[in-house]
Each structure stands twice: as C-alpha cells, then as structure tokens.
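Each residue takes its place number in the sequence, starting with 1.
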Amino acid sequence: MTSSQVRARIVDPRTADQEIDDPVYRVYFVESDGATEEWQLSNVETVEEALSWAREDGRRFDLYAEYPVTATGTGLVRLAKATSKNN
C-alpha cells in the first residue's frame, strides 16, 4: 500500500472502550504450500520485539495481536503481513 492510499483522520480517544497493556501475539509462519505453523507469544514488551522474534526464524509470517471476543473466544488483528522471507 502506498502512502496515497492511506486514510488518516483525527479521532476522539474517549471512543475506545478498552486498552490491553500486556498484549498476546500470534505468529503464523506460512509455508510455500499455504500450510501454517502457529505460535503464541506472551511477555513481549513491544510489537517490535514480536516482529524480531518472528524474523529470526527466517520463514514468511503474519503477526497478529489477540483480543478477547467472548469468555471463550479470541479475535485476531493482523499487525504485519510478511510477503517474503526478507521482510
């Protein structure tokens, strides 16, 4: 996505219902046949630390943050989509 496609607008911070200060991440390593190997990362200080952990493996990956949906369900927000091993 180029910067000309990004839409940015000012928001009111009071519209957020919750904040998660200690997020849990998921890394989905993507194989050439489309299969994935999923890992959960906790006790991570920053998203950069999660990205660094995933990059050390050398495989393509997608990085997600988890968020609670229900008492037993988890939602995922994609934070990074690696299109090659060098990302």
Side-chain angles (χ1 to χ4, degrees):
M1 176 180 280
T2 65
S3 61
S4 63
Q5 296 173 322
V6 173
R7 295 182 195 157
R9 66 183 179 95
I10 294 175
V11 297
D12 184 340
R14 296 171 293 181
T15 60
D17 291 330
Q18 71 179 37
E19 245 178 61
I20 299 170
D21 292 327
D22 188 22
V24 175
Y25 298 95
R26 288 194 192 186
V27 177
Y28 286 28
F29 291 108
V30 183
E31 304 299 333
S32 59
D33 63 0
T36 60
E37 179 181 303
E38 299 85 11
W39 288 77
Q40 185 182 65
L41 307 179
S42 57
N43 198 31
V44 177
E45 294 290 323
T46 65
V47 68
E48 290 86 1
E49 185 179 356
L51 283 165
S52 177
W53 183 91
R55 286 182 180 128
E56 285 178 11
D57 185 273
R59 293 182 280 176
R60 285 183 17 202
F61 67 90
D62 293 332
L63 176 67
Y64 297 86
E66 293 185 1
Y67 66 93
V69 176
T70 64
T72 58
T74 300
L76 300 174
V77 176
R78 187 172 64 204
L79 303 175
K81 180 173 182 68
T83 56
S84 72
K85 291 181 181 182
N86 297 324
N87 282 354

(request) Calculate, to the nearest 0.5 Å, the distance between atoms CD and CG belonging to Glu45 and Asp22 respectively. (result) 8.0 Å

(request) Could you tell me the separation between the CZ atom of Arg59 and the OG1 atom of Thr36, rounded to the nearest 0.5 Å? (result) 10.0 Å

(message) On a heavy-atom basis, which atom in Thr46 and which in Tyr25 lie closest, and how many Å separate them?
(response) C-OH, 4.0 Å

(request) Locate the shortest heavy-atom distance separating Thr15 from Asp12; write the atom from each residue and the value. (result) OG1-O, 2.7 Å

(message) Can you confirm whether Asp17 is buried at CG, in the sense that more than 12 heavy atoms of other residues, nucleotides or ligands lie under 6.0 Å from that atom?
(response) no

(request) Could you tell me the separation between the CZ atom of Arg78 and the CZ atom of Arg26, rounded to the nearest 0.5 Å? (result) 15.0 Å

(message) Restricting to non-hydrogen atoms, name the atom on Ala54 and the atom on Phe29 that form the minimum distance, rounded to 0.1 Å.
(response) O-CE2, 3.6 Å

(request) Under 4.5 Å between side-chain heavy atoms, chaining through other members, with only Ile, Leu, Val, Met, Phe, Trp and Tyr counted: pull out the rest of the cluster around Leu76, sorted by chain and number. (result) Tyr28, Tyr64

(message) Would you say that more than 12 heavy atoms from the other residues, nucleotides or ligands in this model lie under 6.0 Å from the CD of Glu31, or not?
(response) yes

(message) Any non-hydrogen side-chain atom of Pro23 less than 4.5 Å from a side-chain atom of Val47?
(response) no

(message) Taking Ile20 as the starting point, is it possible to reach Val11 by hopping between hydrophobic residues whose side chains are less than 4.5 Å apart?
(response) no

(request) State, yes or no, whether a side-chain contact exists between Trp53 and Trp39 at a heavy-atom distance under 4.5 Å. (result) yes

(message) Tell me the closest heavy-atom pair linking Val44 and Ala50, and the distance in Å.
(response) CG1-N, 3.7 Å

(request) Using the rule that two of Ile, Leu, Val, Met, Phe, Trp, Tyr join whenever any of their side-chain heavy atoms come within less than 4.5 Å, decide whether Val24 and Val27 are in one cluster. (result) no

(message) Hydrophobic clustering (ILVMFWY, side-chain heavy atoms < 4.5 Å, transitive) - are Leu79 and Leu41 grouped together?
(response) yes

